[in-house]
Amino acid sequence: MPARIRIAVLHFAHETVTFLKNDTTLSEFVYPGSPASGEALLKAYPKSYMGGFVKVAREFESVELVGIESPLWPKTYMGSGWVTEEAFAHFTGNMMAGLKAEGPFDGVYLSLHGAMAVRGVPRPEAELARRVREIVGAKAIIAATFDLHGNEDEQFLEHADMGFAVKYFPHYDEYLQGERAARMLVRAIRGDYRPACVTKKVPVITATVRMWTGASPWSDLIQRALTWEAREVDVFVNVFFGFPFADVPDVGITIQAMTNGNAELAESIVRDIADLAWRKREALLGSTKIYSIAEGVALAKQAIAKAATPVVLADHSDRSGSATFLLKEIIAQNLSTVLLATIADAAATTKLKAEGAKAGDAFDMEIGGVVDESAGTPVRIQGTILNAVEGHGQFWVVVKFGRDNVLILSTYLVQVMEPFSLRALGLDPGAFKAFAIKSRVHFRRGFDDNGFAKTILLVEPDQPFLGTVHLDALPYRNVDLNKFYPYGDPDFST
Ligand SMILES: [Zn+2]
């Protein structure tokens with residue numbers, strides 16, 4: 001048991017929609033604050049995995065944390081496609097150099113997502129772990145945290161020792177999983193815990209919009225995992241729902257269990273939960289009704305007429321943030337008192353910023369669309385600017401138009417998760433009858449789980465486009481959908 005414990009901390013995260021045309025290049029990861037190292041990296045995400053990890057690791061007096069230079073989330077957040085080989089090689093190269101220069105280490109913490117997709121690197125998280133292992137040696141303990149949308153198979157844990165994925169979608173427990181990772185990493189380094197892990201894939205694939213854990217059947221999988229963690233000492237269970245919009249070989253549901261040296265127990269837990277997921281496969285896919293945009297807007301209109309407000313109209317499928325289908329339909333069906341948040345349009349916000357746009361100015365511009373076919377065509381909006389501000393690395397323009405409607409223009413894709421976040425732009429969330437947003441499930445945090453919205457409607461365009469629930473319409477190259485329920489008839493038995 002080392003008297004002094006040195007732990008290297010690394011971060012590399014992306015949720016890659018490989019069907020988007022704009023690659024996630026090296027420069028997307030470089031901006032003021034990123035890459036980060038030392039204390040800046042350790043303080044980068046104080047309420048997320050990193051914050052929880054650092055908090056608990058520092059409760060152990062003998063632990064020294066070393067933040068190795070790492071990129072933070074790219075500027076484009078989740079609105080960009082394949083991470084380039086150059087970007088991956090550049091940052092992992094710097095990480096390895098940092099590990100070498102600052103080592104030796106007793107342990108490594110990898111703050112990951114799990115659904116990063118890199119051109120030419122089929123399993124980037126496993127590849128990162130493999131390279132870290134090469135440098136830190138067989139004795140060091142490697143622990144990671146993951147999003148439940150991670151696409152993982154057994155390969156990551158062939159190189160690393162432990163993984164801790166969030167259990168809720170919306171992801172309420174990021175900080176908690178970071179805390180657990182720190183405590184277990186220290187225990188394993190001290191020889192008090194010997195990770196025995198088992199991983200099993202369940203051949204079920206579906207769109208993320210269906211994966212809300214606020215209700216059955218997705219919550220059943222999580223409840224089962226929590227039950228195992230409660231009834232057995234030192235058991236940790238991950239239920240990866242997977243991320244179908246990354247065209248990578250390890251998509252689909254993955255179950256992992258970790259025990260203290262008891263591989264048999266890990267195996268039986270994984271089998272139990274994998275069986276449950278397979279038994280519930282039909283319900284998992286039928287969990288959320290998706291309407292066409294025209295249907296959804298018509299239903300929103302009816303709900304407003306019956307005062308079942310506020311209404312949330314969520315276009316779950318917009319992956320660029322620039323899609324205008326919902327905006328067009330809201331105008332066509334003549335809705336009023338709707339807040340549309342947001343339409344991403346980097347060209348428009350750049351132009352408005354350069355012109356010194358400010359509150360009170362008249363607004364007349366074609367906005368949105370264009371970036372790819374899934375964004376649709378631009379829409380001309382005539383109105384008045386209510387606010388124009390810089391914040392969170394974006395330029396935001398709030399425009400009042402039509403019958404008391406308000407549109408927020410942003411530079412990049414924005415998922416509005418909490419109504420009160422709109423106050424930062426000078427808006428009163430209580431003033432709107434409907435919210436037209438771009439989100440799949442994260443909005444339920446502030447609009448649904450707390451009872452705020454009275455009507456919730458998930459919509460997508462008819463076409464279908466790259467964020468669709470109809471996965472068989474997507475041009476996969478690395479995934480054979482016939483090997484997954486509901487597209488094929490896979491033979492699954494545990
Ligand atoms: Zn996620």
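Whatever order the structure lists ligands and atoms in, that order sets their numbers, starting from 1.
- In this pair, Trp396 and His392 present their aromatic rings perpendicular. The plane angle is above 60°, beyond the 30 to 60° band.
- Using cut-offs of 30° and 60° on the angle between ring planes, the pair Phe243 and Phe245 is perpendicular.
- Using bins of under 30°, 30° to 60° and over 60° for the plane-to-plane angle, the ring pair Tyr109/Phe53 lands in the parallel bin.
- Classification of the Trp278-Phe492 ring pair by plane angle, with boundaries at 30° and 60°, yields tilted.
- Aromatic rings of Phe29 and His90 (six-membered ring for Trp) have centroids beyond the 6.0 Å cut-off, not under it.
- Protein-derived N/O/S atoms nearer than 2.8 Å to the Zn ion (ligand 1) total 4, waters excluded.
- Remark: Arg281 qualifies as a cation-pi partner of Tyr485 under the 6.0 Å distance and 45° angle criteria applied to the six-membered ring.
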